[in-house]
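Following: one structure in structure tokens, then a few remarks.
Just so you know, these numbers use all the heavy atoms, side chains as well, and skip hydrogens, waters and symmetry mates.
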Amino acid sequence: MIAFFVCILPFITFELYESTKVLKLSTGKEDVIDNAVYSFIGLLPFIFLIKNKVFATLFLFLFLFLILGSNKKAALIAWVYAFVVYSLKDIYISNLKDKVKKLFSFIFFIALLLPVAFELYISNEVMVKRVELMLDGYSSGRDLIAIQLFNVWYESESILTYAFGFGYNATSQFTNHVSHNDWIDMLVSFGLFGVILYAIIFFSLFYKLFRYTGNKEYKIILLVFIGIALLLSMSSRWYWVSFSYFNCLILPYLLANNKKS
């Protein structure tokens, strides 16, 4: 898993560099929004496999630097979630006697690295502005797209459509933009059947998480995997975009290490 992470990283870094360069040339702008950065979100769980904390932290902040450069809010949210879990994982995996010591280590870790992360964040005016707009309720039109697509499904007045939707990727028939939400996409494309099936996938993942009896560190990675998948499914896309394949590569490895998988 670590070998795969190390080998694939230069390729997706080059891909992001080329993608950003093309976007800047085509738009004539220096500040562009580049979806290619999502590949790094797919690799976030792999960082938790790295035993050396210095190297793992360096990779985390490399990812943060690239995410901020891409100006993708959903990617930043996923990184913040992974960073919080990474910061707390030592407290969780330690035994009761060591928890106090790990708590002090956590406080030191946060005091040392949080200012660095915040400085990187505020140095990117575009990302700061986009996050501020998001916190003020601006969703880049996602809410309007979701309402439009829901109305298309609801107003179809067809039992078959209610149950099974309009067919794969049907949202492209009704809007010029992707839905930015897997759940509304499932509803329109596959109806209530699709939404229930998608919910069952997440339910089964959470069931595996709570029943996980293997290595505690692997349980943390499974938590990161599920959290990223759920966050991106609601705020962007997850189930059929390329970065989710990186996520899913690590899932069989985690489940194989569960004593009662």
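Separation of atoms CD (Gln173) and OG (Ser189) is listed at 8.0 Å; rounding is to 0.5 Å. Considering CG of Asp34 and NZ of Lys24, their distance stands at 9.5 Å, rounded to 0.5 Å. Within the model, atoms CG of Leu187 and CD1 of Ile196 stand 10.5 Å from one another, a figure rounded to the nearest 0.5 Å. In this structure, the separation between OG on Ser70 and CD1 on Ile33 is 9.0 Å, given to the nearest 0.5 Å. For the atom pair CZ of Phe65 and OG of Ser123, the computed distance is 8.5 Å after rounding to the nearest 0.5 Å. Of the inter-residue distances, the one linking Phe210 atom CZ with Leu223 atom CG reads 8.5 Å to the nearest 0.5 angstrom.
Cluster membership check: Leu232 shares its hydrophobic cluster with Ile201, using side-chain heavy-atom separations under 4.5 Å among Ile, Leu, Val, Met, Phe, Trp and Tyr. When hydrophobic clusters are built by joining Ile, Leu, Val, Met, Phe, Trp and Tyr residues whose side-chain heavy atoms come closer than 4.5 Å, directly or via intermediates, Ile200 is not grouped with Leu209. The hydrophobic clustering, which links ILVMFWY residues whose side-chain heavy atoms are closer than 4.5 Å, places Leu23 and Val37 apart. Under a hydrophobic clustering in which Ile, Leu, Val, Met, Phe, Trp and Tyr are joined whenever their side-chain heavy atoms come within less than 4.5 Å, directly or via other members, Met1 and Phe55 fall into the same cluster. There is a path of hydrophobic side-chain contacts, each under 4.5 Å, that joins Val6 to Ile41.
Taking each heavy atom of Trp153 and Gly191 in turn, the nearest pair found is NE1-CA, 4.0 Å. For Ala78 against Leu44, the heavy-atom pair with the smallest separation is O-CD1, 4.0 Å. Closest approach of Ser156 and Tyr162 over heavy atoms only: OG-CE2, 3.7 Å. Closest non-hydrogen pair, Leu60 versus Ile47, comes out as N-CD1, 3.9 Å. Of all heavy-atom pairs spanning Leu68 and Asn124, the tightest one is O-ND2, 2.5 Å. Nearest heavy atoms, Lys73 versus Val131: CD-N, 4.3 Å.
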Exercise for the section: Go through the steps to decide whether Met127 and Glu132 satisfy the test side chain to side chain contact (heavy atoms under 4.5 Å, CB included), and finish with yes or no. Expected result: CA-CA 8 Å; Met127 180 65 90; Glu132 287 176 349; over 6 Å; no
Handout entry: Leu249 vs Phe246, side chain to side chain contact (heavy atoms under 4.5 Å, CB included): CA-CA, chis, key distance, verdict
Key = CA-CA 5 Å; Leu249 281 173; Phe246 290 153; 4.3 Å; yes
Handout entry: Steps toward side chain to side chain contact (heavy atoms under 4.5 Å, CB included) verdict (Leu114, Phe83)
Key = CA-CA 10 Å; Leu114 201 56; Phe83 178 74; 4.1 Å; yes
Handout entry: Test salt bridge (Lys or Arg N to Asp or Glu O under 4.0 Å) applied to Arg130 and Glu125, step by step
Key = CA-CA 9 Å; Arg130 284 171 57 80; Glu125 294 180 4; over 6 Å; no
Problem - Thr20 and Val32: CA distance, side-chain angles, deciding distance, side chain to side chain contact (heavy atoms under 4.5 Å, CB included) verdict - result: CA-CA 7 Å; Thr20 303; Val32 295; 3.9 Å; yes
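Residues Tyr121 and Leu76 have side chains in contact (heavy-atom distance under 4.5 Å, counting atoms from C-beta outward). The closest side-chain heavy-atom distance from Phe193 to Met186 is not below 4.5 Å. A 4.5 Å side-chain heavy-atom check between Thr171 and Val152 finds every atom pair outside the cut-off. With contacts defined as side-chain heavy-atom distances shorter than 4.5 Å, the pair Asn215/Asn257 does not qualify. At a threshold of 4.5 Å between non-hydrogen side-chain atoms, the residues Ile221 and Leu49 count as touching. Residues Leu251 and Leu222 meet the side-chain proximity criterion, which asks for heavy atoms closer than 4.5 Å. Residues Phe46 and Ile2 have side chains not in contact (no heavy-atom distance under 4.5 Å, counting atoms from C-beta outward). In this structure the side chain of Ser87 reaches within 4.5 angstrom of the side chain of Ile110, judged on heavy atoms.
Applying the ring-ring contact (aromatic ring centres under 6.0 Å, His included) test between Phe5 and each of Phe59, Phe11, Phe40 identifies Phe59 as the sole match.
Between Phe48 and Tyr86, the gap from one ring centroid to the other is short of 6.0 Å. Trp79 and Phe63 have their aromatic ring centers separated by at least 6.0 angstrom. For Phe190 and Phe166, the ring centers are positioned 6.0 Å apart or more.
Under the 3.5 Å distance criterion, the side-chain polar atoms of Tyr154 are left unmatched by any main-chain donor or acceptor of Leu149. Between the Asp185 side chain and the Asn181 main chain, no donor and acceptor come within less than 3.5 Å of each other. In this structure, the side chain of Thr13 engages the main chain of Leu9 through a donor-acceptor pair within 3.5 Å. Between the side chain of Asp182 and the main chain of Trp238, a donor-acceptor pair closer than 3.5 Å is present. Remark: side-chain polar atoms of Gln148 are paired, donor with acceptor, to backbone N or O of Phe174 under 3.5 angstrom.
By the side-chain contact (heavy atoms from CB on, under 4.5 Å) test, Ile122 pairs with Phe118, Glu119, sequence neighbours left out. With sequence neighbours excluded, the residues that form a side-chain contact (heavy atoms from CB on, under 4.5 Å) with Asn35 are Tyr38, Lys72.
By the 6.0 Å contact criterion, NZ on Lys216 is enclosed, its count of non-hydrogen atoms from other residues, nucleotides or ligands being greater than 12. Heavy-atom contacts from other residues, nucleotides or ligands closer than 6.0 Å to CZ of Phe4 number more than 12. For NZ of Lys129, the number of neighbouring non-hydrogen atoms (other residues, nucleotides, ligands) closer than 6.0 Å is 12 at most. Within 6.0 Å of CD1 in Ile159 there are 12 or fewer heavy atoms belonging to other residues, nucleotides or ligands. Counting non-hydrogen atoms of other residues, nucleotides and ligands closer than 6.0 Å to OH of Tyr168 gives a total above 12.
Side-chain contact check for Tyr218 and Tyr253: at least one donor-acceptor pair (N or O, by modelled atom type) lies under 3.5 Å. Remark: the Trp183 side chain and the Ser233 side chain contain an N/O donor-acceptor pair separated by less than 3.5 Å.
The stretch residues 220-231 participates, sequence neighbours left out, in no salt bridge (charged side-chain N to carboxylate O under 4.0 Å, His left out) pair at all.
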